Amino acid sequence: MKAEKLVEIIGSDFYAGVPDSQLKSLCNYLMNTYGIDPKHHIIAANEGNCTALAAGYHLATGKVPVVYMQNSGEGNIINPVASLLNDKVYAIPMVFIVGWRGQPGTHDEPQHIYQGEVTVKLLEDMGISSFVITKDTTDEEVSETMKSFRTVLSEGKDVAFVVGKGALTYDAKVEYKNNYSMSREEIIQHIVKVSGEDPIVSTTGKASRELFETRVANHQSHQYDFLTVGSMGHSSSIALGVALNKPHTKVWCVDGDGAVLMHMGAMAVLGANAPENLVHVVINNGAHETVGGMPTVAAQIDLVAIAKACGYPYAVSVDHFDELDTELEAAKNRNMLSLIEVKCSIGARDDLGRPTTTALENKQNFMKYLALL
C-alpha cells in the first residue's frame, strides 16, 4: 500500500521515530510532507526516546501519536510501554509502526533473524494489539483494522502495525546530502592504515561492511575486527570492555553519529573510566544512512564539547584527510582516551558487499586474536 494512504487511515498528525529501511517509504513521505517539524515529525535518538516524546504529545494535546521504528527497537520501548503507557499506569494510547526485519520466511541478515522470530510475540507480551501489513494487504483491510484499533486506543491501550518487506511504497524521491567531501569508506581505509594490527570494534551498518571490504582489498585478516552487526549504539561500550581488559593494547572504536546518539550515556561511562588505550572515532554524516539517509540531530550538536564534558581528556573534530591523518597518528601514539569526530559525506558504493563470515566466526576469530595480545 501507499505510505501516504497508511498515514491517512491512521489519522494522526504527529510522528516520532527512528528510521528503518523497511519503512523507508513512510520516512520519505514524512520528510517530504513535514521535514523535521516539532509539531508533526521528529526523528529521535532511540525508540524509548520516541515513545516518551509521543507520550508528552498526548499529555499536551489529548491526541493519539504515532511512533515508527525497526523491530530491533522493541527492546528500547519495553520500559516506557510497561511503566508509562500501560493502562495499569497512565493509560497513554499510541500507534506503533514497526518494520519487520527478519520476518520468518524471508532472507535477512543474522542480527535480524531472532529479532524477526519474536517481533509479534514481544508486542503481544507488552499487551500491544498488532496487525501485519504485507504486499498483499489491501487498503480496506488496514482501514477496517484501524476502526477496531480506535476502540482499543480509547481504552488507553496501544496498537501496532507490523510492516513486512516491500509492503509500503512511495513514488516521490528524497535526496539526502550534506556539504562534506570525505567518504566514510575512505575514512575507514585511513583508520585501518594507521591502526595496523590493533583491534577495531566497528558499529552496525555500512561502516562494518566497509571495514570488512577494506580488509579484503588489503588482503588482510579479519581477525583484528569485531563487526557489531546489530546492537546499534553499543559498539563504544563493547570497545570499552575490551580496552579495560587489554590495557596494554591500543583499541579502536569506529562509530557513527546515529549510534552515538542512540545511547549517548555510554560516552559518560567512557569518560569516567578514561582508558588510556582507547581511540573513539565517530564518523558523522548527520544521517541514518544505512537505513535510507534520514537526518540525525548530530549535525546540530557539538560532539567534541560533549565528549570533553563527559571526561574525555582529548577530543577533536576534523573534516579533511590531512587533519584526519594527523589526528589518527597522534591518537595511535597518545596514552590517553581520545575522540576524533570525522565529518563526512552521505553515500556509499552501490556494489558494497556484506561480510562473508558469520557473526559467530567473527567473534571466535576476534577472541583468538585478543588472546594473543
Side-chain angles (χ1 to χ4, degrees), residues 1-10 12 14-37 40-47 50 66-74 76 95-103 106-109 111-112 115-116 119 132-137 139 142 160-178 184 203-209 229-230 232 256-259 261-262 285-299 345-352 354:
M1 70 183 301
K2 298 286 188 182
E4 52 267 48
K5 185 63 178 180
L6 176 61
V7 170
E8 176 189 326
I9 290 170
I10 292 174
S12 175
F14 181 78
Y15 283 71
V18 176
D20 169 39
S21 56
Q22 209 90 307
L23 302 177
K24 185 176 179 179
S25 296
L26 173 66
C27 294
N28 284 346
Y29 170 76
L30 293 173
M31 288 300 299
N32 259 353
T33 304
Y34 301 121
I36 302 299
D37 178 351
H40 298 290
H41 179 224
I42 295 178
I43 296 176
N46 63 56
E47 296 82 4
C50 300
V66 179
V67 167
Y68 63 86
M69 60 183 182
Q70 185 180 125
N71 53 343
S72 61
E74 286 183 333
N76 284 334
V95 177
F96 291 96
I97 301 178
V98 183
W100 197 353
R101 295 298 303 271
Q103 182 178 358
T106 63
H107 174 72
D108 215 319
E109 299 307 306
Q111 67 269 29
H112 299 301
Q115 184 73 54
T119 291
V132 176
I133 300 176
T134 70
K135 288 182 179 180
D136 300 322
T137 303
D139 294 354
V142 175
F161 288 104
V162 180
V163 179
K165 186 175 182 179
L168 292 182
T169 62
Y170 179 57
D171 295 333
K173 302 295 183 183
V174 182
E175 183 181 8
Y176 300 103
K177 61 182 180 178
N178 59 33
R184 183 183 49 251
T203 190
T204 189
K206 290 182 179 177
S208 281
R209 293 164 61 184
V229 294
M232 183 174 172
D257 55 293
L261 290 169
M262 183 161 280
N285 60 8
H288 286 287
E289 191 201 328
T290 296
V291 293
M294 286 65 70
T296 72
V297 297
S345 61
I346 299 173
R349 289 187 286 116
D350 291 335
D351 62 348
L352 179 62
R354 296 182 181 275

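Quick caveat: nothing in here was measured; it's all calculated off a predicted structure.
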Between T290 (side chain) and K206 (backbone), is there a donor-acceptor pair under 3.5 Å? yes

Between N28 and Y176, is any pair of side-chain heavy atoms under 4.5 Å apart? yes

Just by distance, do the side chain of S25 and the backbone of L168 share a donor-acceptor pair under 3.5 Å? yes

Compare every heavy atom of P19 with every heavy atom of C27, then report the nearest pair and how far apart it is. SG-CA, 3.9 Å

Is there side-chain contact between I43 and H288, with at least one heavy-atom pair below 4.5 Å? yes

Tell me every residue that passes ring pair (Phe, Tyr, Trp, His ring centres under 6.0 Å) with H41, counting only those two or more places apart in sequence or in another chain. Y68

Spatial distance of atom NE2 (H112) from atom NE2 (H107) [nearest 0.5 Å]: 10.5 Å

Smallest heavy-atom separation, V132 atom then T137 atom, equals O-OG1, 3.8 Å

If the condition is ring pair (Phe, Tyr, Trp, His ring centres under 6.0 Å), which residues does Y170 pass it with, not counting sequence neighbours? Y29

Less than 4.5 Å apart, side chain to side chain, heavy atoms only: is that true for M1 and I133? yes

If you measure from the Lys or Arg side-chain nitrogens to the Asp or Glu carboxylate oxygens, is any gap between K2 and D139 under 4.0 Å? no

Does the pair R184 and N285 meet the rule for a side-chain contact (heavy atoms from CB on, under 4.5 Å), with working shown? CA-CA 8 Å; R184 183 183 49 251; N285 60 8; 3.6 Å; yes

Identify the two heavy atoms, one from L23 and one from I97, that lie closest to each other, and give their separation to 0.1 Å. CD1-O, 3.7 Å

Flag yes if more than 12 heavy atoms outside D351 fall under 6.0 Å of its CG atom; otherwise flag no. yes

Of all residues at least two apart in sequence or in a different chain, which pass the side-chain hydrogen bond (donor to acceptor under 3.5 Å, both in side chains) check with S12? none

Partners passing side-chain hydrogen bond (donor to acceptor under 3.5 Å, both in side chains) against S21 (at least two apart in sequence or in another chain): R101

Please confirm whether the backbone N or O of G347 pairs with a side-chain atom of E289, one donor and one acceptor, at under 3.5 Å? yes

Note, M69 side chain near V98 side chain (heavy atom, < 4.5 Å): yes

All heavy atoms of L261 vs all of T296, minimum pair found to be CD1-CB, 3.7 Å

Tell me every residue that passes ring pair (Phe, Tyr, Trp, His ring centres under 6.0 Å) with Y15, counting only those two or more places apart in sequence or in another chain. none

If we ignore hydrogens and angles and just use 3.5 Å, is the side chain of E47 paired with the main-chain N or O of N76 as donor and acceptor? no

Could you walk me through whether V18 and M262 satisfy the side-chain contact (heavy atoms from CB on, under 4.5 Å) test, starting with their C-alpha distance in whole Å, then the side-chain angles of each, then the deciding distance to 0.1 Å, before giving a yes or no? CA-CA 9 Å; V18 176; M262 183 161 280; 4.0 Å; yes

Give, for atom CE of M232 and atom OG1 of T204, the distance between the pair rounded to the nearest 0.5 Å. 8.0 Å

Name the atoms and distances for all side-chain donor-acceptor pairs under 3.5 Å in residues 3-10, with sequence neighbours left out.
{"residue": "K5", "atom": "NZ", "partner": "E8", "partner atom": "OE2", "Å": "3.2"}

Hey, what do you get for CG (D108) to CD (Q22), rounding to the nearest 0.5 Å? 7.0 Å

Under 6.0 Å from the NZ atom of K24, do we count more than 12 heavy atoms belonging to anything else shown? no

Please round to the nearest 0.5 Å and tell me the distance separating atom CG of D37 and atom CG of L30. 11.0 Å

Less than 4.5 Å apart, any side-chain heavy atom of S345 and any of N178? yes

Do the side chain of W100 and the main chain of K165 share a donor and acceptor less than 3.5 angstrom apart? no

Could you tell me whether the side chain of D257 and the main chain of A287 form a donor-acceptor pair under 3.5 Å? yes

